[in-house]
Amino acid sequence: MYGMADEGGAVAGRIVGVRLISECSGRRQGRVGRRCRNPSGTRVRWQPYAGAALAVAAAATVGAAAVDANSAWYRGLATPRWQPPRWAFGAVWPPLHATIAWSAGRAWSQAGERERTELVAALTVNLSLRTAWSWAFFAARSPRAGLVSTLLLDASNLHLIRTTARSDRRAAAALLPYAAWCLFATALNARIARYNPRP
């Protein structure tokens, strides 16, 4: 979540599109414009994927507005040796954003009306906490506040995975790399808060 953590939200939709196309590959379509079908025979609609991609991109954009990895404050923080280089965050987040959007779109497509309400609530809370971390850590310049935010995000990730699994286990499994990365970010945030005790 550090440095370039919020970059890449805008490309999530493109990657989701690629995944959706790959999901339809190998299945015959009579003419252009006909919806593809998944293995169960139900039609795959693009709207849930597009909506989820827009939500993820919006959250990433709002979070990015708070990030200033070149500020004197951030560059002056004591950090552990195992903190990844800045470019690593920019490389990791775009595929994670795309995975979140794809997972949400797929789960929505498989869910019933009640499950969809639960999915929207879980995803909204998750993306809000994801955005809140950037503002707590960078805008408020508080590693401690950032740590609280990322701990709440970890709990939200678990809830999101469990909620998604009720509709589609494959979609839930796709969220595991995102949850793992956030756990790593929590450990990193905790160490930074320890090295920099002042708020």
Side-chain angles (χ1 to χ4, degrees), residues 1-16 51-104 120-161 163-164 174-199:
M1 289 187 199
Y2 298 82
M4 299 174 68
D6 290 289
E7 294 186 5
V11 303
R14 297 179 183 176
I15 305 178
V16 171
L54 286 174
V56 172
T61 300
V62 173
V67 176
D68 184 5
N70 294 317
S71 67
W73 171 80
Y74 179 72
R75 297 174 69 176
L77 290 174
T79 59
R81 292 183 177 180
W82 45 271
Q83 174 169 319
R86 283 187 57 196
W87 63 263
F89 296 100
V92 167
W93 274 109
L96 289 182
H97 284 150
T99 300
I100 297 168
W102 177 85
S103 173
V120 170
L123 182 63
T124 299
V125 170
N126 189 268
L127 293 179
S128 297
L129 289 171
R130 166 79 177 81
T131 300
W133 176 86
S134 298
W135 288 88
F137 188 94
F138 282 98
R141 296 187 174 184
S142 175
R144 290 182 180 180
L147 180 58
V148 172
S149 296
T150 191
L151 286 170
L152 291 174
L153 179 59
D154 290 333
S156 175
N157 286 341
L158 178 60
H159 176 65
L160 179 60
I161 291 172
T163 302
T164 302
L175 292 172
L176 293 178
Y178 168 56
W181 179 257
C182 288
L183 286 173
F184 171 77
T186 298
L188 181 56
N189 197 148
R191 188 59 62 90
I192 292 176
R194 179 182 177 184
Y195 287 173
N196 304 270
R198 296 183 63 183

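In what follows, residues are counted from 1 in the order of the sequence shown.
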Are [X] and [Y] side-chain neighbours, meaning at least one heavy-atom pair lies under 4.5 Å?
| X | Y | answer |
| --- | --- | --- |
| Asp68 | Asn70 | yes |
| Val67 | Trp135 | no |
| Pro177 | Leu96 | yes |
| Ile192 | Pro80 | yes |
| Arg191 | Trp82 | yes |

Provide the closest heavy-atom pair for [X] versus [Y] in the form atom of the first, atom of the second, distance.
| X | Y | value |
| --- | --- | --- |
| Pro94 | Gly90 | CD-O, 2.9 Å |
| Pro197 | Arg144 | O-NH2, 2.8 Å |
| Pro143 | Ala193 | CB-CA, 3.8 Å |

Original post:
Excluding sequence neighbours, so at least two apart, what forms side-chain contact (heavy atoms from CB on, under 4.5 Å) with Thr164?
Top reply: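 For Thr164, the residues satisfying side-chain contact (heavy atoms from CB on, under 4.5 Å) (neighbours in sequence not counted) are Ser103, Ala107, Leu119, Leu160, Ala171, Ala172, Leu175.
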Original post:
By side-chain contact (heavy atoms from CB on, under 4.5 Å), which residues pair with Ala78, not counting sequence neighbours?
Top reply: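 Only Tyr195, Asn196 meet the side-chain contact (heavy atoms from CB on, under 4.5 Å) criterion with Ala78.
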How long is the gap from [atom1] on [X] to [atom2] on [Y], to the nearest 0.5 Å?
| X | Y | atom1 | atom2 | result |
| --- | --- | --- | --- | --- |
| Leu152 | Asn126 | CG | CG | 11.0 Å |
| Ser134 | Leu129 | OG | CG | 11.5 Å |
| Leu188 | Cys182 | CG | SG | 12.0 Å |
| Trp133 | Leu151 | CH2 | CG | 13.0 Å |

**OP:** Please report the C-alpha distance between Thr150 and Asn189 in whole Å, then the side-chain angles of each, then the deciding distance to 0.1 Å, and finally whether the side chain to side chain donor-acceptor pair (under 3.5 Å) criterion is met.
**Re:** CA-CA 8 Å; Thr150 191; Asn189 197 148; 5.4 Å; no
Subject >> CA sep, side-chain torsions, deciding dist, call: Arg130, Asn157, side chain to side chain donor-acceptor pair (under 3.5 Å) >> reply: CA-CA 10 Å; Arg130 166 79 177 81; Asn157 286 341; over 6 Å; no
**OP:** For the residue pair Phe137 and Trp73, categorise the inter-ring angle as parallel (less than 30°), tilted (30 to 60°) or perpendicular (more than 60°).
**Re:**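 Perpendicular: the ring planes of Phe137 and Trp73 meet at over 60°.
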Subject >> Trp181 ring center within less than 6.0 Å of Phe184 ring center >> reply: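 Judged by ring-centre distance (under 6.0 Å), Phe184 and Trp181 do meet the cut-off.
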